Amino acid sequence: VSLSGGLDSSIVTALSHPHIENLTPYTNTFMATADPEVEHSKALCHYLKQNHRIIQSEVTHLEHFLKRLIWHLAEPIQNIAMMNSYFLGQ
């Protein structure tokens with residue numbers, strides 16, 4: 001499950017936990033320093049005793065990355081949060 005650390009994904013993760021054996025939440029971050037949402041996702045997964053995976057993504061060539069992302073979406077980006085979904089899907 002994609003766990004951003006925000007309220008919506010935290011609720012989905014917590015409600016899914018009793019029903020999905022070996023649930024693995026994935027969190028993507030672009031920050032090299034402390035990210036409050038990542039800290040929240042860590043705390044939630046620790047409380048639920050889940051195997052949490054944190055992916056730290058880096059965009060080195062933004063123009064190339066955006067062209068590739070738009071190609072995969074087949075339309076312009078309407079929500080910048082799609083960048084997280086792209087990295088989690090890799």
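Every heavy atom of this structure was used, including side-chain atoms; hydrogens, water molecules and symmetry mates were not. The shown structure was predicted, so the numbers you read here are calculated from the model rather than taken from an experiment.
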Q) Where do Ser4 and Gly6 come nearest, in terms of heavy atoms and distance? A) OG-N, 3.1 Å
Q) Just how far is it from atom CD1 of Ile55 to atom OG of Ser2, taken to the nearest 0.5 Å? A) 9.0 Å
**Q.** Pair Phe30-Ser57, side chain to side chain contact (heavy atoms under 4.5 Å, CB included): steps then yes or no
**A.** CA-CA 5 Å; Phe30 293 98; Ser57 301; 3.8 Å; yes
Q: Can you see which heavy atom on Thr24 is nearest to which on Asn51, and at what distance?
A: CG2-O, 3.1 Å
(Q) Nearest 0.5 angstrom please: Thr13 OG1 to Leu23 CG, how far? (A) 6.5 Å
Q) Going from CD1 on Ile11 to CG on Leu7, what distance comes out if it is rounded to the nearest 0.5 angstrom? A) 4.0 Å
(Q) Grouping I, L, V, M, F, W and Y whenever their side-chain heavy atoms are under 4.5 Å apart, do Val1 and Ile20 come out in a common cluster? (A) yes
**Q.** Working for side chain to side chain contact (heavy atoms under 4.5 Å, CB included), residues Leu3 and His52
**A.** CA-CA 9 Å; Leu3 174 60; His52 186 213; 4.3 Å; yes
Report all side-chain donor-acceptor pairs from residues 39-50 shorter than 3.5 Å, counting only partners two or more places apart or in another chain.
from: His40; atom 1: NE2; to: Ser10; atom 2: OG; distance (Å): 3.2
from: Ser41; atom 1: OG; to: Thr27; atom 2: OG1; distance (Å): 3.4
from: Ser41; atom 1: OG; to: Glu37; atom 2: O; distance (Å): 3.4
from: Ser41; atom 1: OG; to: Val38; atom 2: O; distance (Å): 2.8
from: Gln50; atom 1: NE2; to: His17; atom 2: ND1; distance (Å): 3.0

